[in-house]
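Throughout, a chain's letter reflects where its sequence line sits, starting with A, and its residues are numbered from 1. Atom set for the values below is all heavy atoms of this structure, side chains included, hydrogens, waters and symmetry mates excluded.
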There are 2 protein chains.
Amino acid sequence: MTIAGENTEKSILIAAREVFIAKGFEGARMQEIADHAGINKALLHYYFRSKEKLFEAVFSEVASNLFPAMKQMLEADLQFKEKITMFIRIYLKALEENPFIPAFILNTLNTNPDSFLKYIKKAGLNPKLLQKQIDDEVARGIIRAIKAEHLMVNIIAMCIFPFAARPIVQNIFDMNNDEYQTYLESRQTEIVDFVLKSITV
Amino acid sequence: MTIAGENTEKSILIAAREVFIAKGFEGARMQEIADHAGINKALLHYYFRSKEKLFEAVFSEVASNLFPAMKQMLEADLQFKEKITMFIRIYLKALEENPFIPAFILNTLNTNPDSFLKYIKKAGLNPKLLQKQIDDEVARGIIRAIKAEHLMVNIIAMCIFPFAARPIVQNIFDMNNDEYQTYLESRQTEIVDFVLKSITV
DNA sequence: ATATGATTTAACCATGTGGTCAAATGTAAT
DNA sequence: ATTACATTTGACCACATGGTTAAATCATAT
């Protein structure tokens, strides 16, 4: 592939990412993606062969970026509470940089529940590591007993929701955009506090 | 409208709800909805005029059911902790009965962020009621200070996430369907505990 | 300059999609 | 039985959509 070809392929992926995230697979139009990329529509098929394969390329990139923070947390050699705090910080930072990813992922999951299986397996997460650390902390009387499945889901849910459901949250609490940004910025402290206060003995 | 006409309209709405929830607005096909309803496709236009109006009818019904539990909680004359417990119980029960609604709502929000505005206004939620009750409980030394926006979002997020992101959660923790059902059934107790332990002084 | 392969273009294609329309059929009142 | 209106049907429509194709153009090596 030539340099020009690589640039074209990159342009397509960038444009496709934007349009698929905004419109979902079904709502995205190949012509729209081509327009965003500033290319002729036929090139989409030359480089990616079909809409599905293009979507898969975009989804693969997004999905592959989902688990490093989680894996890092599970495997980090840190004090438990430090680990939780680190995870929340890293996760929220990633969400701030890609605020539309949760909706994109959840949308794709809804129509294609198996879309994630291979990425989860590839990520090699081991939640048992967290359960072991929880058990150690419980034995030392530092935190109360809680299952890893619940703790992790609670944390991730609280991180993601204000991004995924932004219009609802924003309107229920009658916040303008600046106020919502401030709210998002306070989420890290609030979530860390909420979690640590809940589990600390 | 005749009885037959009312039955036809109902059949359409039921079928449309299923298909729109499964496929989203863009992915749903009018012919598929007609097949699900067991009718001729032209009837969709006779009764609802367009795909958009049919979707709006379905969305309106779903959205209107979203806030009664929340409003009930905000306005209930209950002890604070009872109120929280009641809300989680009612909310999770609603989610169990309609496990695909969160994904449907979030998906629609993503492509049309304003879709909810009128329903939120119509619901007449008043989060300040909750903030006032929180402040009273804080003054009595029963719970710690926390903002209503954070508390409510945390609760709703923890209730919704295992439904909206089921395939991810199920696969990360390597649960089969029975195990996941058991997990969902334990969420109520876990969330209530998590929240009350977090806010109780 | 020529040949070869890669990339791009613009026109075109087959099918799908939401929607239209007029005739057929059903219902109820007279 | 007739009339008027409501509902349903089945054929059809205009346009959109993802995809195809062959020619044009570009890039590189000889």
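- The existence of a salt bridge linking A:Lys118 and A:Glu56 is confirmed by a sub-4.0 Å separation between a basic side-chain nitrogen and an acidic carboxylate oxygen.
- The side chain of A:Thr8 contributes an N or O atom lying less than 4.0 Å from OP1 or OP2 of C:dT8.
- If you check every strand for non-hydrogen atoms under 4.0 Å, B:Tyr47 touches sugar and phosphate atoms only.
- Ion pair B:Lys132/B:Asp136 flagged as a salt bridge, since at least one NZ, NE, NH1 or NH2 atom sits closer than 4.0 Å to an Asp/Glu carboxylate oxygen.
- Residues B:Phe104 and B:Phe55 place their aromatic rings such that the two centres sit under 6.0 Å apart.
- Protein chain B touches strand DNA chain D; the 5'-most and 3'-most nucleotides with an atom under 4.0 angstrom of its non-hydrogen atoms are D:dA6 to D:dG10.
- A:Ile84 places a side-chain heavy atom less than 4.5 Å from the side chain of A:Leu151.
- Side chain of B:Ser198 to backbone of B:Phe194: no donor-acceptor contact under 3.5 angstrom is found.
- Separating the NZ atom in A:Lys128 from the CG atom in B:Asp174 is a distance of 7.0 Å, to the nearest 0.5 Å.
- Between B:Ser50 and B:Thr2, it is B:Ser50 whose nearest contact on DNA chain C lies nearer the 5' terminus.
- Sorted by residue number, the members of residues 28-45 of chain A with any non-hydrogen atom under 4.0 Å from DNA chain D read A:Ala28, A:Arg29, A:Met30, A:Lys41, A:Ala42, A:His45.
- Distance CZ (B:Phe55) to P (C:dG19): 14 Å, rounded to an integer number of Å.
- Atom CZ of A:Arg187 and atom CD of B:Glu149 lie 10.0 Å apart (nearest 0.5 Å).
- For A:Phe59 and A:Phe116, the ring centers sit closer than 6.0 Å to each other.
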